[in-house]
2 protein chains.
Amino acid sequence: MSERTNQGEIDIATSPRKRTGNGAARHHDADEIGLDALVGHAGYAVRRFQIWIFQDFIKTLADVDIRPTQYSVMTVIGANPGLSQMAVAKRLGIERARLVHLLDSLESRRLVKRIKSKTDRRSHALHLTAQGETALAKFKRLAAEHERHVEEKIGKENREHLLRILAGFT
Amino acid sequence: MSERTNQGEIDIATSPRKRTGNGAARHHDADEIGLDALVGHAGYAVRRFQIWIFQDFIKTLADVDIRPTQYSVMTVIGANPGLSQMAVAKRLGIERARLVHLLDSLESRRLVKRIKSKTDRRSHALHLTAQGETALAKFKRLAAEHERHVEEKIGKENREHLLRILAGFT
DNA sequence: CGGCAATTGTTGTCGTCAACAACAATCTTT
DNA sequence: AAAGATTGTTGTTGACGACAACAATTGCCG
């Protein structure tokens, strides 16, 4: 739907112009505003894309009220039962302080449980509850649907290439 | 004074061989924790990449104390002098409420100025100051250096392909 | 023309998220 | 046993997005 097609190449933006004292400048239509140097910055494109992708994820999983970070936490715990909070935080690049609240929330929803480790009484071993496992299965189906939205947006081909390019960051 | 010195240390390509002694279940080394379904999710890869890219941007432009959003605002104003706040906000996908603070900050640093529009007394025409223009030139050089870091990280080829894939989001 | 709706900038609130600091309980090292 | 490191926790700060309310101003429509 986003018919923004900015191929128009506006040339009015290449040299700095100063209208000394002249406050009211020319009139710009909404989509003829040049981005200048921003085009060609990977960070800008990635950020916009990331916002889009997260919004779609949140919307697609709105029924089950699961956000991307919660999903990632449950996925990792599901694949590696018994991990400590430290290990999960490190693996996902989350602050361990932040993980505390994430787990508080998931635990209060009976999706995850903290079990006191016997070998290290400081740490907790993280597990999915039975209901957490079945819930995760559903989340994964919805996440797959979200992933199809991504395909529709950028193309199957491009999505796969993207995953290859960014494989090192996972 | 937002001197946050990000050393977030997402150890992505490096494997720091640390023991995570969780006792309850199996023993996991830090980098042998599976991500399961997370691999194959574009959103996860994009998010990690975006975090990396922003941290590098912030670090590379730390000397001039310019963050990605500030850079994008100045770039757009520099390329389209006289834009209203509404127009800039819409173009960059920023809340206009948020842009107020961004401009307050940039204006107090004499990089940007708000000039009362004569044709619409509600709106401000945004311009770079003279010092803002020279500053932006420097920012762009540093941003280009940052972009080279991205190339080193994912490869020149891949960076260009990425920009092509995500061109629709700019 | 006059009144009403829409727009613009602004202020403020709320919630998410990353970075840090401090702390008690508990290992680990020496 | 003492010193130092690690784990989970609490709390603070700051960047950021989403909203809501508001005054000033503009545009529209009858």
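The chains referred to below are lettered A, B, ... by the order of the sequence lines, with proteins before strands, and numbering in each begins at 1. All of these numbers come straight from a predicted model, not from anything done at the bench.
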Inset, instruction - Please determine, for the side chain of A:D120, which listed nucleotide (D:dT26, C:dC27, D:dT9) has the closest atom? - result: C:dC27
Inset, instruction - Would you give the length of the straight line joining atom CZ of A:R67 to atom CG of A:L61, rounded to the nearest 0.5 angstrom? - result: 11.0 Å
Inset, instruction - Ignoring backbone atoms, establish whether A:R114 has a side-chain N or O less than 4.0 Å from OP1 or OP2 of D:dT9. - result: yes
Legend entry - OP1 or OP2 of D:dC16 under 4.0 Å from side-chain N/O of B:R67: yes
Legend entry - Between D:dT9 (C1') and A:H124 (NE2): distance, integer Å: 10 Å
Legend entry - Nearest to side-chain heavy atoms of A:Q55, which nucleotide of D:dT9, C:dT11, D:dA18: D:dA18
Inset, instruction - Take atom CE of A:M86 and atom P of D:dA5, then tell me their distance rounded to the nearest Å. - result: 15 Å
Inset, instruction - Kindly say if B:R98 contacts the phosphate of D:dA15, meaning a side-chain N or O under 4.0 Å from OP1 or OP2. - result: no
Legend entry - Side chain of B:E95 - closest among D:dT26, D:dG17, D:dT9: D:dG17
Inset, instruction - For D:dC16, take OP1 and OP2 only and decide whether either is under 4.0 Å from a side-chain N or O of B:T69. - result: yes
Legend entry - Whole-Å distance separating the CZ atom of A:F54 from the P atom of D:dC16: 16 Å
Legend entry - Sub-4.5 Å side-chain heavy-atom contact between B:L103 and B:I77: yes
Inset, instruction - Looking at every strand, decide which applies to A:Q70 at a 4.0 Å heavy-atom threshold: base, sugar-phosphate, or nothing. - result: nothing
Inset, instruction - Answer yes or no: does a side-chain N or O of B:Q85 lie under 4.0 Å from OP1 or OP2 of C:dT7? - result: no
Legend entry - Parallel, tilted or perpendicular, as decided by the 30° and 60° cut-offs, for the rings of B:F49 and B:W52: parallel
Legend entry - Audit row: A:K156, A:E160, salt bridge (Lys or Arg N to Asp or Glu O under 4.0 Å) steps and yes/no: CA-CA 6 Å; A:K156 185 172 159 69; A:E160 278 161 16; 3.7 Å; yes
Legend entry - Value in whole Å for how far the P atom of C:dT7 lies from CG of B:L99: 18 Å
Inset, instruction - Send over the distance from B:Q50 CD to D:dA15 P, rounded to a whole Å. - result: 16 Å
Legend entry - Nucleotide nearest B:A97 (side chain, heavy atoms from C-beta), chosen from C:dC27, D:dT10, D:dC19: D:dC19
Inset, instruction - Assign B:R96 to base, sugar-phosphate, or nothing according to its heavy-atom contacts below 4.0 angstrom with the strands shown. - result: base
Legend entry - Presence of B:R122 side-chain N/O under 4.0 Å of D:dT26 phosphate oxygens OP1/OP2: no
Inset, instruction - Write down the distance between CD1 (A:I58) and P (D:dG17), rounded to a whole number of angstrom. - result: 13 Å
Legend entry - A:S105 and A:Q70, any side-chain heavy atoms less than 4.5 Å apart: yes
Legend entry - Whole angstrom value for the distance that separates P of D:dA15 from CG of B:L106: 12 Å
Legend entry - Nearest-nucleotide pick for B:V100, side chain only, options being C:dG9, D:dT26, D:dG8: C:dG9
Legend entry - salt_bridge(A:E152, A:R148) N-O dist < 4.0 Å: no
Legend entry - Residue mapping more 5' on DNA chain D - nearest nucleotide basis, A:H101 or A:I51: A:H101
Inset, instruction - Let me know the distance between CG of B:L92 and P of D:dA15, rounded to the nearest Å. - result: 18 Å
Inset, instruction - Select one nucleotide: of C:dC20, C:dC17, D:dG17, the one nearest the side-chain heavy atoms of B:R47. - result: C:dC17
